[in-house]
Number of protein chains: 2
Amino acid sequence: MVADMQSRGSAHRTGRPRSVEADEAILAATRAALVDLGWSGLTLGDVATRAGVAKTTLYRRWAGKNELVVDAVAALFDELELPDRGTLAADIEGVVLQFAAILARPEAKSGLLAVLAESTRDDALRERIRTSVVDRQKRLVLEGRARAQVRGELPPESDPSSADRTVNLIFDMVAGAVVHRTLVSAEPVDTPWAQSFTRVLLLGLAGAASHP
Amino acid sequence: MVADMQSRGSAHRTGRPRSVEADEAILAATRAALVDLGWSGLTLGDVATRAGVAKTTLYRRWAGKNELVVDAVAALFDELELPDRGTLAADIEGVVLQFAAILARPEAKSGLLAVLAESTRDDALRERIRTSVVDRQKRLVLEGRARAQVRGELPPESDPSSADRTVNLIFDMVAGAVVHRTLVSAEPVDTPWAQSFTRVLLLGLAGAASHP
DNA sequence: CGCTTTCGCTACGGCTCGTAGCGTAACTGT
DNA sequence: ACAGTTACGCTACGAGCCGTAGCGAAAGCG
């Protein structure tokens, strides 16, 4: 999840090891700088000073601003979990509120949108975002579906490729709606909104499943 | 939609008027630079050169990169329309495809996300985006609802504040899903996807309306 | 033809970038 | 204990962009 530039596997058996505390200090300093200065105001020199490291140390681990911010923001999504709330509706509602709580943080807002903007011209960066941020969210959708199938709330998937398309559709609808309301409309994702959204989504899915 | 710094109403009856061609040349040059260089690579000096204008002229009209790109990208949304396709489903499908076609352009991708990132720390910029981009999209939702009510596909709104919340929810769901699929999942919004999405959305709304 | 405003051009200080070079610190294998 | 290897902090540097100031010329208006 962090740099991983040359430290693949168990390489580097000799020499001074990289400071792990420095890694965490740099990422924390990056998040703090995002809060104070935003994406455009953030400079690598400032981050290095905040972290108590030399600027050169920073450049040895990350290629640039983009990669650094991706790693700093990705750590925010570590706390994403899907506790079993008993029903599919409650599970969706919970993950929506959880996701929204992370997005509401100032370091996530400016950081995520900015690196997404850069990723439109940088495939490697897009891949990095996908594996360290997006896929971690998508896994919650798969988990939620599996649970609902066990409960009998959803039928087991018939065609695997069709089921895959459905998961992607649901993911774009859930994440998209939360992101859009939080970052574009700039209005809070509270419990009433999450309930309304969940209701429309589930009724839509149920309807689409019943009359094919 | 453009600068409007001092030229409010019919002010400035004396002196040399600002070149209107320069305005359009600068905005076009900005879009071209966004395609070639992306947001981070775009410099105001380069835009001025492309537009055949002095850098100082650019600064007399726009405060900075953010404002300039907002105006440049906002022009892309001028073509958004809602031709009557006969049914609510067809109308939604049409606007989804139309919106996606604009978002698929490289200048829209990097430009929009970048200014949105900046807007999280700049209220004036957020307001500028809202009036020149977001509200223009939202109007289509209102138009579509009005048409559907005339056709009898949707009931007339009972509680105005509740109807307002519903419009906002639909807007976030439609725009959010399209934005997320295009810019985050980086997969195309084609006709099959638009149909699946529209079906789930409409069935969900119908269900939510029937059992309150 | 004066008045006013915009235009193109040049020049500038200030800031950030990303890298190079150096001496020192930390850890490993013999 | 010692040599080998890698990371570290520090300093310095050229390059590029930013945003502004100052100038003379151009374009409208009364």
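Only a predicted model underlies this, so the values are computations on that prediction, with no experimental measurement involved. Letters A, B, ... are given to chains in the order of the sequence lines, protein chains preceding strands, and every chain is numbered from 1.
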Problem - Distance in angstrom units between R18(B) CZ and dG8(C) C1', rounded - result: 15 Å
Problem - Pair E143(A) + R139(A), salt bridge at N-O below 4.0 Å - result: no
Fill in the blank from the handout: In whole angstroms, the gap separating C1' of dT6(C) from CD1 of I26(B) amounts to 12 Å
Fill in the blank from the handout: Hits for side chain to side chain donor-acceptor pair (under 3.5 Å) against R130(B), two or more places apart or cross-chain, chain-then-number order -> E127(B), D135(B)
Practice task
Return yes if the base of dA7(D) and the side-chain atoms of R60(A) contain a donor-acceptor N/O pair under 3.5 Å, otherwise no.
Solution key: no
Exercise for the section: State, with a plain yes or no, whether a side-chain heavy atom of N168(A) is found less than 4.5 Å away from one of W193(B). Expected result: no
Exercise for the section: Would you kindly give the CH2-to-P distance between W62(B) and dC18(D), to the nearest whole Å? Expected result: 16 Å
Practice task
Look at the side chain of R16(B) against the base of dT6(C) and say whether a donor-acceptor pair falls under 3.5 Å; ignore hydrogens and angles.
Solution key: yes
Completion exercise
Whole-Å distance, Y59(A) OH to dC10(D) C1', equals 16 Å
Fill in the blank from the handout: Sorted by number, residues from residues 28-42 of chain B placing a heavy atom under 4.0 Å from DNA chain C are none
Handout entry: Salt-bridge present (E157(B), R165(B); N to O < 4.0 Å)
Key = no
Practice task
Mind listing the residues from residues 43-57 of chain A sitting with a heavy atom below 4.0 Å of DNA chain D? Number order is fine.
Solution key: G52(A), V53(A), A54(A), T56(A), T57(A)
Problem - V134(B) side chain reached by F171(B) side chain, heavy atoms, under 4.5 Å - result: yes
Exercise for the section: Could you check how far CD of E21(A) sits from P of dA26(C), rounded to whole Å? Expected result: 11 Å
Completion exercise
Side-chain contact check for T14(A): nearest option of dG18(C), dG19(D), dG4(D) is dG4(D)
Exercise for the section: In sequence, state the C-alpha distance, the side-chain angles, and the governing distance for F99(B) and T182(B), and then conclude on side-chain contact (heavy atoms from CB on, under 4.5 Å). Expected result: CA-CA 10 Å; F99(B) 185 40; T182(B) 304; over 6 Å; no
Fill in the blank from the handout: Ranking G64(B) and G15(A) by the position along DNA chain D of their nearest nucleotide, the one closer to 5' is G15(A)
Practice task
Check the distance between dC18(D)'s C1' and L58(B)'s CG and give it to me in whole angstrom.
Solution key: 13 Å
Exercise for the section: Could you tell me whether R31(A) and D36(A) make a salt bridge, using a distance below 4.0 angstrom between a side-chain N and a carboxylate O? Expected result: no
Practice task
For the pair R121(B) and E107(A), find out whether any cationic side-chain nitrogen is under 4.0 Å from an anionic carboxylate oxygen.
Solution key: no
Exercise for the section: Report yes if some heavy atom in the side chain of E24(B) is under 4.5 Å from a heavy atom in the side chain of S19(B); otherwise report no. Expected result: no
